[in-house]
Amino acid sequence: MHKIAGMTMRLVQIAMNAGDDAAPGRFWAEALDWGSAVEVPGVVTNLEPKGFSYPDPSAVCIDVITVPEPKTVKNRVHVDLATTSAAHQAELVARLQALGATPVDVGQGDVPWTVLADPDGNEFCVAEPREIFGDTGPIGAVVADCADPRAMARFWDEALDWTLHEVTDDHAMLRSAKGVGPYLKLVRTPDAKTVKNRVHLDLRPYRGDDQAADVARLRTLGASDIDLGQGDDVSWTCLVDPEGNEFDVLAPG
């Protein structure tokens, strides 16, 4: 399928649920050396690079959102942090643990990256040095579990104005067409989705685009509507991708 001009969106942020947005908000601000702002007191903390003019493809921002539901399973979306050397990786792991991160075993076995969890238990990886992450900024990739990377790559390649860089039976990678910022990596995993994802993607149409038309286009690609209790008076639309993973389409901007 050919991407329709004026009807594509960008991945602008991830929304990360937590029992309390304040503690993980402070953690991620320190971890990434980003600025933080309390968007809604006690509910939402927004994180973005210092001096950043949102939205910009050079970064995928983070919203930490307080929710009542406890974390029960491994998150299906996480971030991989980039490092430049073995020493940098070790230093970053030590610094993150000093900030409140804890090592976690998700069955990764003997791998070159380190798996940690933030103060609310949200898993993330500190990657070993990878050439592909050389110009991404502190977040090398937003990683999403899936059952069929090829099918999911088809969906997200059409949903976003991002470029599909690699697709195999085991993983797929997309990145902003501007060639900046983190990758979106879709990874085949055996785990089935059982509960609402605690981390989800937020897409934003371009200023002047038609949000309803973009949502309608996503439905033709295989997305479906979902009621998460968001009500009718919110500015975003809640959808699920063809594998049932929640994501939001925000107002154009």
Side-chain angles (χ1 to χ4, degrees), residues 11 13-34 36-48 60-83 89-128 138-146 182 184-202 226 228-229 238 240 243-248:
L11 170 59
Q13 64 195 30
I14 59 172
M16 183 182 297
N17 292 172
D20 172 17
D21 63 290
R26 286 191 298 270
F27 170 83
W28 284 106
E30 291 286 336
L32 301 170
D33 192 26
W34 281 9
S36 66
V38 177
E39 193 170 305
V40 182
V43 180
V44 183
T45 297
N46 176 259
L47 302 155
E48 59 185 43
V60 171
C61 301
I62 299 174
D63 267 357
V64 184
I65 303 170
T66 297
V67 297
E69 303 86 13
K71 186 175 188 295
T72 57
V73 298
K74 179 180 80 71
N75 288 347
R76 294 184 68 78
V77 179
H78 71 268
V79 296
D80 282 355
L81 301 187
T83 64
Q89 183 185 14
E91 290 163 5
L92 181 56
V93 168
R95 184 170 74 83
L96 294 169
Q97 289 185 259
L99 292 173
T102 52
V104 62
D105 184 354
V106 293
Q108 67 268 25
D110 184 16
V111 293
W113 58 89
T114 301
V115 184
L116 300 173
D118 74 11
D120 200 73
N122 295 300
E123 302 89 357
F124 65 96
C125 296
V126 180
E128 75 286 0
I139 297 178
V142 176
V143 184
D145 293 352
C146 64
L184 174 62
K185 185 174 184 179
L186 311 167
V187 179
R188 180 187 292 276
T189 56
D191 313 321
K193 183 176 186 289
T194 57
V195 297
K196 180 178 81 73
N197 287 348
R198 207 163 173 83
V199 181
H200 68 255
L201 309 181
D202 283 346
I226 187 168
L228 298 171
C238 298
V240 292
E243 289 196 6
N245 299 295
E246 301 86 2
F247 68 97
D248 291 343

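- Here the closest heavy-atom approach between residue Thr66 and residue Gly19 is recorded as CG2-O, 3.4 Å.
- A distance of 12.0 Å separates NZ in Lys74 from CG in Asn122, rounded to the nearest 0.5 Å.
- In this structure, Val64 and Leu47 have side chains that are in contact, with non-hydrogen atoms separated by less than 4.5 Å.
- The distance from atom CE of Met16 to atom CZ of Arg198, rounded to the nearest 0.5 Å, is 10.5 Å.
- With rounding to the nearest 0.5 angstrom, the CG atom of Leu11 is 8.0 Å from the CG atom of Asp202.
- Salt bridge Arg76/Glu123: absent, no basic N to carboxylate O contact under 4.0 Å.
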Could you please spell out the steps behind the side chain to side chain contact (heavy atoms under 4.5 Å, CB included) verdict for Ile14 and Val79?
CA-CA 10 Å; Ile14 59 172; Val79 296; 3.7 Å; yes
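- If you take CG on Leu92 and OG1 on Thr83, they are separated by 7.5 Å, rounding to the nearest 0.5 Å.
- Between Val73 and Val195 there is a side-chain heavy-atom pair separated by less than 4.5 Å.
- With a 4.5 Å cut-off on side-chain heavy atoms, Val106 and Val104 count as touching.
- Taking each heavy atom of Val142 and Val77 in turn, the nearest pair found is CG1-CG1, 3.9 Å.
- Taking both residues in full, the closest heavy atoms of Arg95 and Glu30 are given as NH1-O, 3.0 Å, listed atom of the first, atom of the second, then distance.
- Residues Thr45 and Ile65 form no side-chain contact, since every pair of their non-hydrogen atoms from C-beta on lies 4.5 Å or further apart.
- The two residues Ala141 and Lys185 have their closest heavy-atom pair at CB-CB, 4.5 Å.
- Side-chain contact check for Asn17 and Lys71: no donor-acceptor pair (N or O, by modelled atom type) lies under 3.5 Å.
- Considering every non-hydrogen atom in both Leu99 and Ala31, the closest pair reads CD1-N, 3.9 Å.
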Assess the residue pair His200 and Asp248 against the criterion (side-chain hydrogen bond (donor to acceptor under 3.5 Å, both in side chains)); give the C-alpha distance rounded to whole Å, side-chain angles, the decisive distance to 0.1 Å, and a yes or no.
CA-CA 8 Å; His200 68 255; Asp248 291 343; 3.1 Å; yes
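- Listed for the Asn75 side chain is no donor-acceptor partner under 3.5 Å among the backbone atoms of His78.
- With a 4.5 Å cut-off on side-chain heavy atoms, Asp118 and Trp28 count as touching.
- In this structure, the side chains of Ser36 and Glu48 stay at 4.5 Å or more apart for every pair of heavy atoms.
- Counting only heavy atoms from C-beta outward, the side chains of Asp120 and Asp20 never approach each other to under 4.5 Å.
- For the atom pair CD1 (Ile226) and SG (Cys238), the distance works out to 8.0 Å, reported to the nearest 0.5 Å.
- Remark: the backbone N or O of Ala18 is not paired with any side-chain donor or acceptor of Glu69 at under 3.5 angstrom.
- The distance from atom CG of Asp63 to atom CG of Asn46, rounded to the nearest 0.5 Å, is 4.5 Å.
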Worked verdict on Lys193 versus Asn245 for side chain to side chain contact (heavy atoms under 4.5 Å, CB included)
CA-CA 8 Å; Lys193 183 176 186 289; Asn245 299 295; 3.5 Å; yes
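- Annotation: Phe124 is not in aromatic contact with Trp113 [ring centroid separation under 6.0 Å not met].
- Using a cut-off of 4.0 Å between Lys/Arg side-chain N and Asp/Glu carboxylate O, Asp145 and Arg188 are scored as not salt-bridged.
- Between Trp34 and Ile139 there is a side-chain heavy-atom pair separated by less than 4.5 Å.
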